[in-house]
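Just below is one structure, and these are the notes that go with it.
As the structure is a prediction and not an experimental result, all values here were calculated from the model.
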Amino acid sequence: MQNFEDLETYQCAFRFQQSIFKISQEWPQGEIYSLTDQIRRSSRSIGANLAEAWAKRSYPAHFFE
């Protein structure tokens with residue numbers, strides 16, 4: 001594996017993020033700034049957290065106190 005995008009987990013998270021976005025487009029307009037925004041941000045955070053962890057894996061001090 002060369003980067004985090006090669007991870008099967010990241011690929012699943014990306015597909016999940018895309019499906020959440022498509023589904024949330026069908027929700028009522030009244031939800032666009034509350035529930036819709038919150039669920040879209042949370043689905044994006046999965047991939048972001050995986051990318052951050054991938055970057056930190058090369059720093060042994062990150063895993064030991």
Rounded distance [0.5 Å steps], [atom1] in [X] versus [atom2] in [Y]:
X   : Y   : atom1 : atom2 : answer
S34 : I39 : OG    : CD1   : 11.0 Å
I20 : T36 : CD1   : OG1   : 10.5 Å
F16 : I23 : CZ    : CD1   : 8.0 Å

Original post:
Considering residues at least two apart in sequence or located in another chain, which fulfil the side-chain hydrogen bond (donor to acceptor under 3.5 Å, both in side chains) criterion with D37?
Top reply: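 side-chain hydrogen bond (donor to acceptor under 3.5 Å, both in side chains) check on D37 returns R41.
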
Original post:
How close do A13 and G47 get, heavy atom to heavy atom, and via which atoms?
Top reply: CB-N, 4.4 Å

Subject >> side-chain hydrogen bond (donor to acceptor under 3.5 Å, both in side chains) contacts in which one or both residues fall within residues 5-15, not counting sequence neighbours >> reply: none

Original post:
side-chain hydrogen bond (donor to acceptor under 3.5 Å, both in side chains): which pairs involve residues 16-29, sequence neighbours left out?
Top reply: S24-R40

**OP:** Any salt bridge (charged side-chain N to carboxylate O under 4.0 Å, His left out) involving residues 44-53? Give me the pairs, sequence neighbours left out, ordered by first then second residue.
**Re:** E52-K56

Subject >> F21 with F14, same ILVMFWY side-chain cluster at under 4.5 Å >> reply: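 Different clusters.
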
